[in-house]
Amino acid sequence: MARRETGRQAPSRKGRVQQAWLAQARNGGQSARYQRPRRSKGFSGPALIYTLCLGLLLGWYGPGWVERIDEAGVHVPTLRLPGDIHLPGTRSTQARSADLLSADFGFCHRGGGTNCVVDGDTFWFRGEKYRVADIDTPETHGPRCAAEGELGAQATRRLQALMNAGPFSLESGDRDTDRYGRALRVVTREGESIGGMMVAEGLARSWDGSRHPWC
């Protein structure tokens with residue numbers, strides 16, 4: 001029986017291979033369209049920003065939260081670092097608990113007294129006379145010039161205000177007393193020298209072992 005002619009020429013081997021490739025590419029495109037995108041590993045942009053903001057908030061407000069919890073009487077374990085180092089803006093719990101001394105200081109410009117300030121670097125406390133060991137202030141008893149007397153009066157008032165500002169500590173140095181029999185002590189509050197505060201305010205000088213003129 002004779003084969004009927006259809007009018008279409010059979011594709012060559014090369015053409016069949018190209019058609020197979022095209023069909024496979026179309027099928028691959030359709031499957032890729034419905035395939036769920038893979039999630040990238042690691043932090044996304046918004047998650048990284050949220051994490052950084054949370055870290056900044058904890059770093060800024062965290063020390064204040066710890067202090068409020070401590071003042072409420074809740075025990076919070078603390079991390080002790082070498083040399084009792086603590087973050088800026090926080091206060092050492094050990095320094096706060098060590099300030100146990102306090103009194104209502106007045107003035108006693110002449111003679112002895114109890115709980116009173118003599119001048120910018122001398123005071124009486126519980127019947128004993130003390131010399132602030134780490135500073136020197138202008139003389140108020142026999143100043144060499146008017147400027148020294150005026151600055152000495154300011155230093156006297158400032159020391160009285162600082163002594164009345166709250167509990168304090170008296171720390172010993174290299175010597176226990178000076179040649180006048182006054183007890184040599186560094187006055188501190190929360191670990192900070194009261195004499196150092198007066199030096200920063202221009203009312204005293206750091207003691208270097210000898211007096212220097214103020215005029």
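- Counting all heavy atoms, side chain and backbone alike, E148 lies closest to C215 at OE1-SG, 3.7 Å.
- Distance check: L203 CG to T137 OG1 gives 9.0 Å after rounding to the nearest 0.5 Å.
- Expressed to the nearest 0.5 Å, how far CD of E139 lies from CZ of R211 amounts to 4.5 Å.
- In this structure, the separation between CZ on F123 and CZ on R131 is 11.0 Å, given to the nearest 0.5 Å.
- Between R185 and D176, some side-chain heavy-atom pair lies under the 4.5 Å cut-off.
- Closest heavy-atom contact between T140 and P143: O-CD, 3.6 Å.
- Scanning all heavy atoms of the two residues, the minimum distance from R189 to A165 falls at NH1-CB, 3.7 Å.
- With a 6.0 Å radius and a threshold of 12 heavy atoms from other residues, nucleotides or ligands, E150 has its CD atom at or below the threshold.
- Residues M163 and V186 fall into different hydrophobic clusters, defined by Ile, Leu, Val, Met, Phe, Trp and Tyr side chains chained together at heavy-atom separations under 4.5 Å.
- Between Y130 and F125, the ring planes lie tilted relative to each other; the angle falls in the 30° to 60° range.
- The main-chain N or O of G106 is never found under 3.5 Å from a side-chain atom of D104 such that the two would form a donor-acceptor pair.
- The CG atom of D121 lies 8.5 Å from the CH2 atom of W207; values are rounded to the nearest 0.5 Å.
- Counted by atom type alone, S169 and D99 present one or more donor-acceptor pairs between their side chains at under 3.5 Å.
- Put simply, F168 and V132 are part of the same group of oily side chains (I, L, V, M, F, W, Y) that touch within less than 4.5 Å, one to the next.
- Using a 4.5 Å heavy-atom cutoff, the side chains of T114 and R126 are not in contact.
- Counted by atom type alone, S193 and D134 present one or more donor-acceptor pairs between their side chains at under 3.5 Å.
- I135 CD1 to I194 CD1: the interatomic distance, rounded to the nearest 0.5 Å, is 9.5 Å.
- When the side chains of ILVMFWY residues are joined at heavy-atom separations under 4.5 Å, either directly or via intervening members, M198 and V118 end up in two distinct hydrophobic clusters.
- Linking ILVMFWY side-chain heavy atoms closer than 4.5 Å, directly or via other members, places L101 and L184 in two distinct hydrophobic clusters.
- The distance from the CG atom of L162 to the CZ atom of F105 is 11.5 Å, given to the nearest 0.5 Å.
- The closest donor-acceptor contact from the side chain of R158 to the backbone of E201 lies at 3.5 Å or more, if one exists at all.
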